[in-house]
Structure formats: structure tokens, C-alpha cells
A.B. asks: 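What follows is a single structure, and I will ask about it in a moment.
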Amino acid sequence: MISPAIRSATISVLVENEAGVLARVIGLFSGRGYNIDSLTVAPVDDNGHRSRINIVTSGTDMVIEQIKAQLDRLVPVYKVADLTLGGPHIAREMALIKVIATGEPRAEALRLADAFRARVVDATTESFVFEMTGSSGKLDAFAALMRPLGLAEVSRTGVAALARGTTII
Amino acid sequence: MSQSQTAPDPIETQEAGAEVLLRALKEQGVEVIFGYPGGAVLPIYDAIFQQNAIRHILVRHEQAAVHAAEGYARSTGRVGCVLVTSGPGATNAVTGLLDALMDSIPLVCLTGQVPTHLIGNDAFQEADTTGITRPATKHNYLVKRPEDLARVVHEAFYVARSGRPGPVVIDLPKDILIGKAPYVSAATTEHRSYRPQTEPDRTAIARAVALLKSAKRPVIYTGGGVINAGPAAGAAMTALVRRMGYPITNTLMGLGAYPSNDPQFLGMLGMHGTYEANLVMHGCDVMLNIGARFDDRVTGRLNAFSPNSKKIHIDIDPSSINKNVPVDIAIVGDAGRAIAMLAEAWDADPTPVDRPAIAAWWQQIAEWRGIDCLKFTQAPAPGSIIKPQHAIQRLYDITRELGRETFITTEVGQHQMWAAQYFRFDQPNRWMTSGGLGTMGYGLPAAMGAQIAHPDALVIDIAGEASILMNIQEMSTLCQYRLPVKVFILNNQYMGMVRQWQELLHGGRYSESYTDALPDFVKLADAFGGHGLRATSVDQLDDVIREMIASPRAVIADICVDQKENCFPMIPSGAPHNEMILGTDSNIADAGAAKLTDAGMALV
């Protein structure tokens with residue numbers, strides 16, 4: 001029996017890089033009431049013919065199977081892969097995090113950034129912009145720590161993901 | 001894609017885009033286009049004017065052009081073709097496109113667009129057609145470069161007819177139509193990403209056959225997928241089902257795939273399906289679904305749907321499988337191929353079927369059939385009011401007696417369900433109705449399209465007086481092309497299905513479902529140049545039907561029927577299959593009468 005529990009799924013979709021293809025994917029999610037927790041898209045081959053869309057979504061197994069089937073029947077889609085089900089995979093995202101603070105909070109922010117291996121990419125006497133790459137959870141944790149220290153703005157890329165080892169989609 | 005750079009260039013002498021378009025349509029076998037001109041498509045109309053290979057049918061509203069193309073496609077199995085202008089031309093076509101999408105009908109709809117340099121400028125008659133039609137089509141294209149034009153047309157036809165068929169829009173900016181464009185033939189274009197799976201998995205077929213052989217209470221439930229797979233698939237299925245000796249039911253979309261007068265046929269299933277079909281679905285132990293999608297009109301309450309059965313689902317669209325109902329054996333593939341493989345595996349498997357169990361199952365079915373759920377009482381005395389069921393029954397009997405090839409379309413509502421119940425089909429592609437979207441106004445233009453494809457056949461639109469007014473302007477098209485379509489209106493002055501729901505669910509408060517000022521349909525037919533007839537009592541009915549059929553012209557037959565009649569059996573929304581409301585004429589008054597719940601009311 002299919003589990004009714006909600007799970008998260010990282011889905012990679014290889015698409016023809018044509019006008020409107022992203023709108024088709026997004027329209028499918030909004031039109032059918034699926035969640036998008038994060039979405040990234042960029043061309044991934046030499047001549048720019050194909051793009052890879054990485055979508056983090058959530059739902060019951062039945063819903064996630066349905067999402068994959070719906071994506072797969074879009075005409076410009078070459079391939080749909082469920083990285084979460086497919087075995088071990090790496091999912092990373094990058095964030096730019098602006099902290100506005102002076103005095104001790106500012107120093108504490110810098111110490112924590114160091115512990116999290118975030119890089120300082122912009123600094124003024126009243127602010128830092130940290131650049132940080134990692135799992136979404138790590139980015140969430142860092143942002144949460146920065147909140148009381150003067151977190152002012154966050155910009156995140158969304159998840160890029162690949163299967164581990166020699167597996168390709 | 002690795003494409004050889006040294007391959008011979010397929011580009012030949014260049015012509016105007018509109019010429020290239022027509023050439024590509026001809027190569028795709030298009031013989032008829034249903035359309036309506038406008039500024040953005042004038043170059044195409046100019047090109048149409050200068051050739052004879054493709055016939056253009058001028059409709060009176062773009063929605064009707066799409067429905068006509070649907071009727072053409074569904075009655076022939078070919079791809080229907082539509083041509084409309086930009087802006088309102090395209091937006092008027094949207095209902096038809098979604099109708100074709102929901103019912104898996106192959107169409108290519110050409111829409112005009114403002115010149116490429118004006119796109120995005122809110123130009124006159126500009127609409128974001130690809131944006132608007134994206135969720136209403138299987139796929140759509142905006143041609144921005146002349147060199148893409150011919151390839152896109154070929155691709156569009158490939159996409160429309162392949163896999164699960166559907167409508168495809170090609171948006172054509174005016175400068176692309178006027179400027180020179182190269183021609184490429186279909187043979188040189190191959191779709192890069194779209195390769196639907198049509199060949200079923202042999203091991204899954206073998207498992208399905210093993211399960212079917214072990215069944216004690218089996219049912220076969222087939223839908224539009226078998227119709228779309230072509231007449232040969234229907235014939236192969238009929239032969240296989242007869243060898244199996246199992247009961248079969250069809251969805252609204254699937255009627256005609258199996259001969260309806262065959263003793264193994266249970267009738268249509270679902271909300272207004274037969275008592276026996278729905279109870280068989282509820283009580284079966286093995287269900288074989290071929291080309292149907294467990295639509296909510298079929299399943300009733302999902303968590304009570306066929307609770308004790310193992311389910312096999314064959315569908316060409318993987319997203320239809322496990323969408324509403326989890327199944328035990330999923331088979332992706334073309335229905336025709338799947339039926340052929342099933343038949344082969346069935347015959348090769350030496351396991352006998354469980355004859356005593358199947359005999360007991362048929363005995364149970366015979367009991368359910370004894371309820372006679374479609375029974376109605378027509379008062380025979382001259383002057384008696386006509387029961388709508390009787391009108392359809394007589395229409396069926398008389399057309400059958402005449403033996404002419406007959407195509408039936410419908411509008412949407414009570415008359416549609418009565419037509420599905422009382423008009424019986426022995427062949428596929430003879431029955432065209434708006435199943436998924438439920439589009440009032442579908443039937444008249446669809447009949448027009450079917451009549452264009454079959455000029456000598458008898459084409460009847462079974463209509464209601466409310467639906468028919470939604471595309472009544474097409475009477476003008478019928479008269480222009482001398483298309484002898486028959487419009488058979490069951491006139492009860494109500495939006496009957498709305499009235500029925502208001503009676504059953506809303507305390508008899510008939511809010512806005514009565515039409516106070518209907519036209520005189522006889523005079524209306526005359527006004528358009530057709531022939532009008534009316535029957536107000538049962539003794540006039542047969543004469544009117546015979547006169548209607550004998551007429552060489554388009555006819556509106558206004559059949560004034562009992563205003564209070566409801567369509568039964570009925571599974572109210574939110575109820576399971578074994579809780580049906582039956583008509584008072586059937587042999588039991590009430591089949592465990594469904595309780596109407598608030599949750600059910602919300603289900604429409």
C-alpha cells in the first residue's frame with residue numbers, strides 16, 4: 001500500500017531549452033496544486049539546447065509519482081529523475097546573507113560565519129554579506145543564527161542536485 | 001542531438017510563409033479547415049483562395065470551429081484542423097481547445113498573431129495566445145523564425161496524434177506568414193524530446209492475464225482510449241471479451257467500442273450509468289480498465305470505489321495511472337497493442353477460467369438486470385406528453401430500422417445522459433459528446449464537422465433547448481454548406497440537469513434554471529434557411545422523427561417533453577456505486593438510497 005505520509009522529493013528534469021518551457025513546468029505545479037519548495041533552471045549543455053530544472057517538492061508518494069508522470073508528459077521534457085528515490089545524491093544551494101549590525105553582534109556574526117565556512121563577499125562598518133554554499137538545512141540553520149544578530153536580507157539560489165557516483169539522469 | 005553538418009540541406013526554393021503553411025498542411029493530409037478570417041490571418045486566407053486542395057468551412061464563431069474539428073476528428077480518427085485570427089479569434093477558441101484536451105481529441109489549431117515586432121506592445125487584436133492556451137492544449141508553439149515554420153507544423157501534427165492525442169496550437173505572427181520561408185518535408189523532421197511509450201510491457205500483460213484467469217467476479221471497463229486506438233482495436237477487444245465471457249461496461253467516452261446490444265454488455269457505468277454496471281464495478285474481484293481514467297463521474301466516492309478488487313489499468317498516458325485510484329497492475333501503452341498482446345497471452349495461457357464462479361457472477365448480474373433500471377412509462381394515449389426517454393428510444397428505433405449510417409452528437413445535460421442510456425451504438429466513432437469538460441454548445445458544431453466528413457450519413461445532434469442556444473449561430477453555416485444535420489431538441493424549458501440537482505439537493509428552489517423566453521425553434525430554423533418541426537404529444541413523435549430524417553435540409557425538431565422528468569439511475573456526488581437513486585418505474589424503488597451529504601454536495 002502506498003504511504004500516505006508527506007515526503008520531500010528532489011526532482012531533476014531535463015528539458016528542451018525552448019520558449020515557455022519553464023512556464024509549462026510552473027503552470028503544471030500551480031494548476032494542479034502541487035508544492036514548489038525550490039526551483040532552479042539553467043542550460044546545461046554546450047550549445048544551450050537543453051536545460052536542467054531542479055525542483056524540490058513535497059507530497060505523498062502517490063502525489064510525487066503523479067508530479068513525475070505529469071512532468072514527463074510535457075512535450076519538451078526529455079527525462080524526469082527523482083533523485084530522492086534514486087539513491088544517494090547531493091543537493092546544494094548557495095545563499096547571500098546580509099547582516100546589518102555593529103559592536104558585539106557584528107563580531108559574533110563574523111565568528112559564526114567562520115564556523116559555518118561562509119565567506120565574506122562584502123563588508124562595510126555596519127554590515128556584512130556572507131556567501132554560503134551547502135545543503136538547504138545548513139543554510140536555514142545559519143540564517144536562523146544570524147536572525148538575532150541583525151539578519152537583514154537573504155537571497156538564495158534554490159537547489160542544484162546530482163546523483164552520487166557514476167549515476168546520471 | 002548530434003546532427004551531421006554535412007547532411008544535404010533540405011531547404012528548397014523559398015515561398016511566402018502562408019504558402020509554406022498550406023503546403024505543410026497538405027503534406028499532413030489536411031483536407032478540411034474549419035475557420036474564421038481576421039486581420040492577422042489574411043495572408044493565409046489569400047493562400048487558401050488560390051488553391052483547391054484544402055477546403056475551408058466558414059463557421060460563425062471560433063468556438064464552433066474547434067468543436068467542428070473535434071466532430072470531424074472523432075468521426076474519422078484523423079487530426080482536425082482549425083484556423084482563427086489573433087486576439088478574440090484565439091480566445092474564442094479556448095473552450096474548444098480545452099474540450100479537446102480533456103477528451104483526448106487530436107487537433108491542430110492555427111492562430112493568427114500580430115507581427116513579431118509588435119508582440120508585447122498591446123497591439124490591436126493582440127493576445128498572449130501561447131500563454132492563454134498553455135493549460136488548454138497538449139502543446140503550443142509561437143513561430144518566431146521563418147525557418148521554424150514548416151518543421152513546427154509537422155511537429156504539431158505529430159504531437160497532436162501521438163501518444164494520448166490532444167489539441168496543439170500554432171501561433172503565427174503575420175510577418176512570418178508574409179515573409180519568405182523555407183519548406184522542409186515531414187520526413188526530415190523528427191521530434192527531439194516527445195517519444196510516448198506505445199508498446200506495453202509483456203511481463204505485465206502476462207501478469208494481467210494470470211489475474212484475469214483467476215477471477216471469480218471480473219469486469220472489463222473501457223473508455224475513450226479504445227476508441228482513439230482505432231476501429232481495429234475495438235474489434236479486437238470485442239473478440240477477446242467474447243472469448244473471455246466476462247461482463248463489460250463502457251464509459252461515456254467509450255460507447256461504441258463494444259456492441260451495445262451484446263448480452264455481455266452492461267451499459268454505461270458511472271453517475272448515470274446502469275444499476276448492473278455500477279454494482280458489477282462495486283462487487284468485482286478483478287477489474288480490467290482499458291483506456292479509461294477513473295474519472296470522478298465514474299468512480300463516485302473514491303474511498304468506496306470497487307473496494308474488493310484487484311485492478312489492472314492499461315493507459316497510454318502514465319499520468320492517468322495511479323492518479324485517482326491505486327492499481328495493482330499498471331500497463332503503459334497503446335490500447336490496440338495492449339489488446340492484441342492480451343489476446344495472444346490469453347489464448348496461450350492454458351489455465352481455464354473459473355466457470356462455476358463466472359456462471360454464478362452472471363446469475364447475480366441477471367438479478368441486477370431484473371431491476372430494469374432504465375424502465376420508463378410512456379402514456380400511449382394520443383395527446384399524452386412525451387417522455388424524453390421515449391423520444392430517444394423512438395429516435396434510436398427509427399434510425400435502426402432505416403439502417404442508414406448514423407452519427408450522434410450531443411450537447412450537455414439530461415438529454416446527453418438519456419442519449420447515452422437509450423441510443424445504442426454498435427461501432428466506434430459514431431458517438432460524440434463532450435465528456436470531460438461538459439461543454440454546452442458542443443453538439444451542433446460537432447455534428448457539422450461529422451457531416452462534413454461523412455456527407456451521406458445521417459448526423460443528429462441530440463440537444464437540449466438551453467445548450468443549443470450556445471452555438472445556434474452554426475445553423476447559418478449548415479445552411480451555407482447545405483449540411484443536412486438534424487437537431488433533435490428535448491425541450492423541457494429548463495436547464496434540466498441543473499433543475500434536477502436543485503430538486504434533489506437544493507430543496508426544489510429552481511434558481512435561474514427556467515428559461516422564460518425561448519425562441520420559437522420552428523421559426524428559428526426557417527429564419528436560418530433550415531426546416532423546423534415540432535412534436536408536442538406522443539402521437540406526433542414518430543412522424544416528426546421520420547420527416548426530420550427524410551428532409552434533405554438542416555432540421556430543428558423541437559420535441560416538447562415532460563418538464564419534470566429526472567435522469568435516473570443517479571449516483572449523487574460523494575456516494576459510492578452501491579448507493580444509487582433509481583427511477584420510480586424500475587422494479588425496486590430505491591437501491592439503498594444514497595444519503596446526500598454536505599461533502600457530496602460540494603463535489604458538483
A.B. asks: Looking at Asn322(B) and Met62(A), what are the two nearest heavy atoms and their distance?
C.D. replies: O-CE, 3.2 Å
A.B. asks: At what distance, to the nearest 0.5 angstrom, does CG of Leu74(A) lie from CZ of Arg134(B)?
C.D. replies: 10.5 Å
A.B. asks: For Ile321(B), is it the side chain, the backbone, both, or neither that has a heavy atom closer than 4.5 Å to a heavy atom of chain A?
C.D. replies: backbone
A.B. asks: Counting neighbours of CZ on Arg7(A) that are heavy atoms of other residues, nucleotides or ligands and sit closer than 6.0 Å, is the number greater than 12?
C.D. replies: yes
A.B. asks: Drop me the distance from Ser320(B)'s OG to Arg73(A)'s CZ, to the nearest 0.5 angstrom.
C.D. replies: 6.5 Å
A.B. asks: Scan for ring-ring contact (aromatic ring centres under 6.0 Å, His included) pairs involving residues 10-37 of chain A, sequence neighbours excluded, and state none if there are none.
C.D. replies: Phe29(A)-Tyr34(A)
A.B. asks: Side chain, backbone, both or neither: which part of Ala19(A) has a heavy atom under 4.5 Å from chain B?
C.D. replies: neither
A.B. asks: Heavy-atom distances under 4.5 Å only: say whether Asn324(B) touches chain A with side chain, backbone, both or neither.
C.D. replies: backbone
A.B. asks: Please list, chain by chain and in numerical order, all residues satisfying salt bridge (charged side-chain N to carboxylate O under 4.0 Å, His left out) with Glu126(B), sequence neighbours excluded.
C.D. replies: none
A.B. asks: Report the residues that fulfil side chain to side chain donor-acceptor pair (under 3.5 Å) with Asn140(B), sequence neighbours left out, ordered by chain and then residue number.
C.D. replies: Arg24(A), Thr133(B)
A.B. asks: Using a 4.5 Å heavy-atom cutoff, which residues in residues 124-131 of chain A come close to chain B?
C.D. replies: none
A.B. asks: Tell me whether Asp46(A) at atom CG has more than 12 heavy atoms from other residues, nucleotides or ligands lying less than 6.0 Å away.
C.D. replies: no
A.B. asks: Counting only heavy atoms not in Asn121(B), do more than 12 sit closer than 6.0 Å to its CG atom?
C.D. replies: yes
A.B. asks: More than 12 heavy atoms of other residues, nucleotides or ligands under 6.0 Å from NZ of Lys310(B): yes or no?
C.D. replies: no
A.B. asks: Is it the side chain or the backbone of Glu16(A) that comes within 4.5 Å of chain B heavy atoms, both, or neither?
C.D. replies: side chain
A.B. asks: Which bit of Val77(A) is near chain B, if near means a heavy-atom gap under 4.5 Å: side chain, backbone, both or neither?
C.D. replies: backbone
A.B. asks: Pro76(A) versus His139(B): any side-chain heavy-atom pair under 4.5 Å?
C.D. replies: yes
A.B. asks: Please identify which of these residues, Gln66(A), Lys68(A), Arg32(A), meets the side chain to side chain contact (heavy atoms under 4.5 Å, CB included) condition with Ser319(B).
C.D. replies: Gln66(A)
A.B. asks: Give a yes or no on this: more than 12 heavy atoms of other residues, nucleotides or ligands lie within 6.0 Å of atom NZ of Lys144(B).
C.D. replies: no
